[in-house]
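Here the structure is laid out as structure tokens; the discussion comes afterwards.
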Amino acid sequence: MLEDRTQTTEVSFDEIRRQRESMNLVHSIVEARYDHTPLALVHTFGCQGNVADSERLKGQLAAMGFDFTDDVQQADLVLYNTCAVREHAHDRVFGNVGALKPVKAANRDLIIALCGCMMQQEHVWQKIKKSYPFVNLVFGTHAVHRLPEMMYRVLSTGKRVFETENSAGTIAEGLPVRRDGSFKGWLPIMYGCNNFCSYCIVPYVRGRERSRRSEAVLNEARELIASGCKEITLLGQNVNSYGKGSDDMNFASLLRAVNALPGNFKIRFMTSHPKDCTPELLDAMAECEKVCHHLHLPFQSGSDRVLKAMNRGYTRAKYLSLVDYARRVMPDISLTSDVIVGFPGETYEEFCDTLSLIETVGFTSLFTFIYSPRVGTKAAELPDPISREEKGRWFKELTDRQEQIAAVRCQTMLGTVQTVLCEECENGRVSGRTDGNVMIDFDGDESLIGTYVKVRITQARNWILSGELVR
Ligand code: SAH
Ligand code: SF4
Ligand code: F3S
């Protein structure tokens with residue numbers, strides 16, 4: 001029921017008001033402490049969910065009197081928002097935190113803060129507590145909206161603050177947001193994940209799946225549109241299960257409702273989970289003129305045995321039938337996906353099922369990962385006899401094959417005219433993305449940034465296109 005969900009998951013108005021009071025207190029402390037506007041360096045690792053969180057952290061910092069910098073030497077506060085999804089992400093964070101030690105030695109007043117998914121893992125924050133004494137503040141994903149109160153404690157006591165309790169998770173509405181981009185906007189519609197894919201750490205560090213009220217989502221979409229945003233990406237670990245367990249809208253209805261908002265903008269969404277992807281949703285995509293015909297639908301493996309061991313909840317046949325349906329209702333649809341190579345116990349024959357699946361579907365692009373064991377997940381307990389080198393060879397086979405597939409797909413776009421959102425301009429070349437999320441560049445100038453233009457494709461290089469403006 002909506003009422004129950006609101007009561008149990010939405011942060012109360014009183015709590016948000018308490019944080020606003022802390023913001024004012026921090027603002028006064030900051031004014032007295034610094035002879036300049038203090039600068040924060042906020043660096044985000046990981047997925048768009050983290051990017052969206054960082055935009056809220058920056059909104060709160062701005063309200064507390066901070067401005068922003070990319071230069072660590074200039075910073076009064078360094079905040080790293082971390083990702084735990086693979087070993088590589090984890091190692092990068094520790095590398096970056098270690099590099100802050102001499103910076104802190106040279107500037108004793110520097111406040112160092114770590115947050116995000118890694119800080120929700122006990123073995124990580126324990127290690128920071130013990131071995132990284134120069135870190136002042138550590139908080140997990142469930143404490144994002146409590147930054148003002150935590151900053152107040154750090155500034156007023158000078159003591160280290162750790163806020164890393166586990167929680168099923170809440171939804172905090174009404175936080176200030178400082179957005180990274182002016183014409184592309186991230187819009188979280190739900191948080192957490194209930195799927196417990198056996199390899200994945202996300203459900204452990206992000207709590208249970210919970211959806212924002214549709215009215216809150218639509219209000220934020222209206223704000224984005226009014227501020228000139230041209231592309232709204234609806235975010236969630238599994239947007240297809242938006243609204244589950246409530247009497248609010250489901251994802252297909254939400255998509256239609258955002259599409260119905262007046263304005264010149266397009267809609268993207270991610271990530272879709274095949275187990276909850278329905279013909280109803282694909283129909284809504286096809287019928288909503290503002291929704292880009294791009295579907296990021298991670299399949300992870302082409303083998304039914306591996307999919308089962310991954311606890312993905314669908315079969316290869318079900319995945320392929322969704323692709324067929326999507327292509328039937330949107331013949332121009334661009335499909336992208338995530339794949340894991342070398343899941344524990346995967347055989348070369350099973351890996352070949354993944355190769356044949358990418359051949360069958362013909363993805364525009366793939367995000368490919370070698371399996372990385374995560375502490376506390378089921379898959380990390382499984383025997384994993386294949387060597388890293390062998391997995392590396394499979395990985396190369398997959399990416400080589402995908403490169404050929406993408407090149408062929410790009411060739412078929414030659415001569416077509418695509419709608420492109422212009423994102424950057426360098427040396428008279430503008431770059432942007434097509435509706436299908438393919439990168440493209442063409443001659444143009446700065447004035448085009450943030451606008452939609454028509455571009456005829458004249459050249460296709462692997463997965464990047466070149467073209468010319470159609471006036
Ligand atoms: N919620 C999204 C994915 C979020 S994580 C979904 O279910 O599709 C992004 C991608 O990282 C996943 O799709 C998966 O391909 C990859 N990934 C997650 N955990 C991983 C692990 N332990 N090892 C390797 N890749 C992993
Ligand atoms: Fe991880 Fe699976 Fe949830 Fe995606 S759906 S975040 S892969 S557990
Ligand atoms: Fe990483 Fe957390 Fe996103 S683990 S992928 S930042 S949800």
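Read the numbers this way: they start at 1 and go in the same order the structure lists the ligands and their atoms. We use all heavy atoms of the structure for the numbers below, so side chains are in, but hydrogens, waters and symmetry mates are not.
- In terms of protein heavy-atom proximity, atom 5 (S) of ligand 1 is nearest to Val85 CG2, 4.0 Å.
- When only modelled atom types and interatomic distance are considered, His294 and Thr336 share a side-chain donor-acceptor pair under 3.5 Å.
- Residue Ile370 places a heavy atom less than 4.0 Å from ligand 1.
- At least one heavy atom of Ile340 sits closer than 4.0 Å to an atom of ligand 1.
- Ring geometry for Tyr319 against Phe363 counts as tilted: the plane angle lies between 30° and 60°, on a 0 to 90° scale.
- Judged by distance alone, the side chain of Thr82 and the main-chain N or O of Met118 form a donor-acceptor pair under 3.5 Å.
- Residue side and main chain included, Cys197 places an N/O/S atom under 2.8 Å of atom 2 (Fe) of ligand 2.
- The Cys117 neighbourhood of ligand 3 comprises atoms 2 (Fe), 4 (S), 6 (S), 7 (S), with distances under 4.0 Å to a heavy atom of that residue.
- Of the protein's non-hydrogen atoms, Arg86 NH1, 3.4 Å is the one closest to atom 17 (N) of ligand 1.
- Neither the backbone nor the side chain of Met118 comes within 4.0 Å of ligand 3, counting heavy atoms alone.
- Heavy atoms of Arg374 found under 4.0 angstrom from ligand 1 belong exclusively to the side chain.
- Here the CD atom belonging to Glu87 is positioned 13.0 Å from the CD1 atom belonging to Ile370, to the nearest 0.5 angstrom.
- Counting the atoms of ligand 2 from 1 in the order shown, those under 4.0 Å from a heavy atom of Phe196 are 8 (S).
- Nearest protein neighbour of atom 3 (C) of ligand 1, counting heavy atoms only, is Gln237 OE1, 3.9 Å.
- The cationic group of Arg146 does not satisfy the cation-pi geometry with Phe139, failing either the under 6.0 Å distance to the six-membered ring centre or the 45° limit from the ring axis.
- At a heavy-atom distance under 4.0 Å, no atom of His88 approaches ligand 1.
- When hydrogens are left out, the protein atom nearest atom 19 (N) of ligand 1 is Tyr199 CD1, 3.3 Å; that is the closest non-hydrogen contact.
- For atom 8 (O) of ligand 1, the nearest non-hydrogen atom of the protein is Pro298 CG, 3.0 Å.
- The protein heavy-atom contact nearest to atom 21 (C) of ligand 1 is Ser372 O, 3.6 Å.
- Contact analysis puts Arg312 in contact with ligand 2, with a non-hydrogen atom separation below 4.0 angstrom.
- Under a 4.0 angstrom heavy-atom cut-off, Ala84 registers as being in contact with ligand 3.
- The protein atom (non-hydrogen) at minimum distance from atom 7 (S) of ligand 2 is Tyr199 OH, 3.3 Å.
- Considering only non-hydrogen protein atoms, atom 3 (Fe) of ligand 2 sits nearest to Cys193 SG, 2.3 Å.
- Residue Tyr371 has no N or O atom closer than 3.5 Å to an N or O atom of ligand 1.
- In this structure, the protein non-hydrogen atom closest to atom 6 (S) of ligand 2 is Gln237 OE1, 3.5 Å.
- Residue-ligand proximity, Gln237 to ligand 3, at heavy-atom distances under 4.0 Å covers atoms 7 (S).
- Judged by the shortest distance from any of its heavy atoms, Arg312 lies inside the 4.0 Å radius around the atoms of ligand 1.
- Near His273, meaning under 4.0 Å from any of its heavy atoms, are these atoms of ligand 2: 5 (S).
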Would Glu55 and Lys58 satisfy salt bridge (Lys or Arg N to Asp or Glu O under 4.0 Å), going step by step from the backbone distance to the final call? CA-CA 5 Å; Glu55 292 185 334; Lys58 285 192 251 186; over 6 Å; no
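- The residue Ile201 has no part lying near ligand 1, judged by heavy-atom distances below 4.0 Å.
- Although no hydrogens or angles enter the test, the distance criterion places no donor-acceptor pair under 3.5 Å between the side chain of Arg268 and the main chain of Cys292.
- The main-chain N or O of Glu209 is found under 3.5 Å from a side-chain atom of Asn194 such that the two form a donor-acceptor pair.
- Regarding atom 5 (S) of ligand 2, its nearest protein heavy-atom neighbour is Asn195 ND2, 3.3 Å.
- Residue contacts with ligand 3 for Cys47 involve both N, CA, C or O and side-chain atoms from C-beta outward (heavy atoms, distance under 4.0 Å).
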Please evaluate residues Thr44 and Asn50 with respect to the criterion side chain to side chain donor-acceptor pair (under 3.5 Å), reporting the C-alpha separation (whole Å), side-chain torsions for both, the decisive distance (0.1 Å), and the verdict. CA-CA 7 Å; Thr44 310; Asn50 254 17; over 6 Å; no
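- At least one N/O/S atom of Cys83, whether from backbone or side chain, sits less than 2.8 Å from atom 1 (Fe) of ligand 3.
- The nearest heavy-atom contact from the protein to atom 1 (Fe) of ligand 2 is Cys200 SG, 2.3 Å.
- Between Phe251 and Phe269, the ring-plane angle classifies as perpendicular under the 30° and 60° cut-offs.
- Looking only at protein heavy atoms, the nearest one to atom 6 (C) of ligand 1 is Thr271 CG2, 3.8 Å.
- Regarding atom 10 (C) of ligand 1, its nearest protein heavy-atom neighbour is Asp338 OD2, 3.4 Å.
- A donor-acceptor pair under 3.5 Å is absent between the side-chain atoms of Arg401 and the main chain of Ile358, judged by distance alone.
- Using a 4.0 Å cutoff on heavy atoms, Gln48 does not count as a contact of ligand 3.
- Residue contacts with ligand 1, taken as heavy atom pairs separated by less than 4.0 Å, involve Phe369 solely via side-chain atoms from C-beta onward.
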Begin from the C-alpha positions of Arg179 and Glu220 and carry the test salt bridge (Lys or Arg N to Asp or Glu O under 4.0 Å) through to its verdict. CA-CA 12 Å; Arg179 299 189 191 275; Glu220 193 169 338; 2.9 Å; yes
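- Contacts of Pro203 with ligand 2, taken as heavy-atom pairs under 4.0 Å, involve the side chain alone.
- Some N or O of Gln300 is nearer than 3.5 Å to an N or O of ligand 1, by distance alone.
- Between His43 and Phe45, the ring planes are perpendicular. Angles over 60° get that label, and only those under 30° would be called parallel.
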